[in-house]
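As structure tokens, the structure follows; a few thoughts come after it.
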There are 2 protein chains.
Amino acid sequence: MTLKLDKVNRGPHLSTLVASSISREIAQGRLKPGDQLPTEQALATTFGVSRNVVREAIARLRSEGRIWSQQGRGAFVADAANATVLTIDYEALQRADSFRNLFELRGMLEVQIAALAATRRSDADIEAMEQALDGMRTAPYGSVAWLKNDLGFHRAVAEATQNPYMGQFLVFVSERVRESILAAGNQQKSDDMARTTLGEHERILAAIKAGDAKGASAAMTRHLAGAASRVGLPGGEASAKPASPARHSRLRKAVRGQAAG
Amino acid sequence: MTLKLDKVNRGPHLSTLVASSISREIAQGRLKPGDQLPTEQALATTFGVSRNVVREAIARLRSEGRIWSQQGRGAFVADAANATVLTIDYEALQRADSFRNLFELRGMLEVQIAALAATRRSDADIEAMEQALDGMRTAPYGSVAWLKNDLGFHRAVAEATQNPYMGQFLVFVSERVRESILAAGNQQKSDDMARTTLGEHERILAAIKAGDAKGASAAMTRHLAGAASRVGLPGGEASAKPASPARHSRLRKAVRGQAAG
DNA sequence: AAATCAGGGTTGTATGATAACACGACAAGA
DNA sequence: TCTTGTCGTGTTATCATACAACCCTGATTT
């Protein structure tokens, strides 16, 4: 019984609504960097909520680097470049083009990471990869345990680069991709797929073990092409067409205005 | 006499301390996913603050996806995978190794992005790049305007991939790198450097314009090697000058404003 | 046995009050 | 005139309390 409950309860919290509202004002340019926000009291009355709610919203925006505040002065809009967090809008991932774009980004990271891992891996890294592969062999394809070990393998590869940011970024992107796949929920499973996928991973591991950077990235490329087709994306990688026509070129703001909603 | 007064220890907000404390408990495994947090009242008394402060901290953690809460039940630690934001600790960037790692990640992104841009760029993208280059030509090396156009060039390249996430990620990483460089603040400037840097950019643009993916990534690789040596990283042909310890002079103040929260 | 209801516990929100701080105005002293 | 100290106002930061909404459990009723 696959009860498919919708994941994000779009926060019933008032503070979430207030934060989104202010965020939108910033994203759409009605509040420019350096501008002073209305006082908490004013915001509270205009939104019709208590000052406490406004404070929670501001605390949130502050933690995201969107605004900064100082006791006795007020709250101000921070420079857009100062955003200390990178967020990916969950809603956007439901759109096919966004998903494809994110998948492409993941692929770019993975391929490079595989090559780097091949030149820097330690024995412990190799062992971690083999352990993850073992976990995949004993778990049914597509099960939670399988997915966990799948991600674990890729994380182990990323950690083999000895660069913590690689793993951090890759896991972040991969998780968004995975969520999106689960949300779509239309992948069919078969033992054949399990064997194929496992084989792709094994080839990656073999190349990394051998210290073959070129081979590792090639194997990873093949793996990603396979993964793409398994989730219903047009498989090719190098000659992939632009995910979205040249519309984006003039819309830099669209990229920056992250969670406008 | 430059008297160096350390900024008064204007401690971060209490809610920040509480949030960090809880965050640390989660990161270090003392609070595992699924665990229920103490009640707000309990947290308030143990931390010696009001419940309001605890609520602001929780609002922040909730927005980061680290915990979730439900009215009438309590607050619970979320799965690590559910983190909706990617953050880079500013303090960590002051360490030379972290900086080097982030620079490496940026390089990986840039090189791939350049190749992709060469195959997908539109006329508008090319124009944006040329405009940024013009801006660099007329601004003094290292000035704010120069840096702005420098970043603008790289962003234009990223947007030429027609994949918005490329720009989003690259800009995020680049901004962290830039902040870190400014914090170190001991790069010497010269007209020679300006010419060199400009030349590197021009070669990148030429390759992208020609649709030469290989040439574009090669040019970008050379540019990054040059940039690395210019900021004192052992990356290209330059002597390995040890990364200078961060002297928090001016930036600290600026960052303090943003991070206070 | 099942449905209903009461009670306590927890989070969500509102309200008022106080402390800490920034900033300008203004007067006192040189 | 210039400096300095003081004060008043406005804002954020924090505290304290109260109530509403909600979940869970267990007893009560049907």
Side-chain angles (χ1 to χ4, degrees), chain A residues 5-6 8-22 25-26 31 34-78, chain B residues 5-22 25-26 31 34-78 252-254 256-261:
Chain A
L5 20 102
D6 211 358
V8 240
N9 303 358
R10 229 21 189 175
H13 296 109
L14 288 183
S15 60
T16 302
L17 299 180
V18 173
S20 302
S21 184
I22 297 178
E25 294 294 305
I26 296 176
L31 279 174
D35 283 359
Q36 180 166 10
L37 273 75
T39 69
E40 294 179 349
Q41 190 60 49
L43 287 172
T45 57
T46 61
F47 282 114
V49 298
S50 83
R51 196 179 144 224
N52 230 323
V53 170
V54 171
R55 280 195 61 77
E56 281 182 25
I58 287 186
R60 175 172 166 171
L61 294 175
R62 194 171 39 213
S63 87
E64 293 174 1
R66 288 191 156 88
I67 69 175
W68 58 275
S69 63
Q70 193 175 358
Q71 181 171 121
R73 287 186 64 191
F76 304 83
V77 180
Chain B
L5 302 176
D6 207 359
K7 236 11 201 157
V8 188
N9 185 13
R10 186 155 123 53
H13 305 170
L14 286 183
S15 61
T16 302
L17 298 180
V18 172
S20 303
S21 185
I22 298 177
E25 295 293 307
I26 296 176
L31 278 174
D35 284 358
Q36 180 166 11
L37 272 76
T39 69
E40 294 178 350
Q41 190 58 52
L43 287 172
T45 58
T46 61
F47 282 114
V49 299
S50 81
R51 195 182 144 217
N52 231 321
V53 170
V54 172
R55 279 195 61 78
E56 280 183 25
I58 287 185
R60 173 172 166 171
L61 294 175
R62 193 173 36 217
S63 87
E64 292 174 0
R66 292 192 153 87
I67 70 176
W68 59 275
S69 61
Q70 191 175 359
Q71 182 171 136
R73 286 187 62 192
F76 303 84
V77 180
R252 174 140 187 177
K253 190 189 302 176
R256 219 153 217 313
Q258 316 156 8

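Order of the sequence lines fixes the chain letters, A, B, ..., with proteins taken first and strands second; residue numbering starts at 1 for each chain. Just so it is clear, the values below take in all heavy atoms, side chains as well, and ignore hydrogens, waters and symmetry mates.
Atom CZ in A:R60 sits roughly 15 Å away from atom C1' in C:dG12 (whole-Å rounding). When rounded to the nearest whole Å, the span between CZ of A:F47 and C1' of C:dT13 equals 16 Å. The distance from atom CG of A:L37 to atom P of D:dT11 is 13 Å, rounded to the nearest whole Å.
For the residue pair A:A57 and A:A19, the shortest heavy atom distance occurs at CB-N, 3.7 Å.
The closest side-chain heavy-atom distance from A:T16 to B:R62 is not below 4.5 Å. When side chains are defined from C-beta on, B:I67 counts as touching B:I26, because their heavy atoms get closer than 4.5 Å. With contacts defined as side-chain heavy-atom distances shorter than 4.5 Å, the pair B:L43/B:V18 does not qualify.
The pair A:E56-A:R60 fails the salt-bridge criterion, with no side-chain N (NZ, NE, NH1 or NH2) lying under 4.0 Å from an Asp/Glu carboxylate O.
Listed pair B:S69 / C:dG12 meets the phosphate criterion, a side-chain N or O lying under 4.0 Å from OP1 or OP2.
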Donor-acceptor pairs under 3.5 angstrom involving side-chain atoms of residues 70-78 of chain B: please list them, not counting sequence neighbours.
| residue | atom | partner | partner atom | Å |
| --- | --- | --- | --- | --- |
| B:Q70 | OE1 | B:R73 | NH1 | 3.2 |

>> For a quick check, with a 4.0 angstrom heavy-atom cut-off, what is the B/S/- contact string for nucleotides 14-25 of chain D, read 5' to 3'?
In response: BBB-B--BBBS-
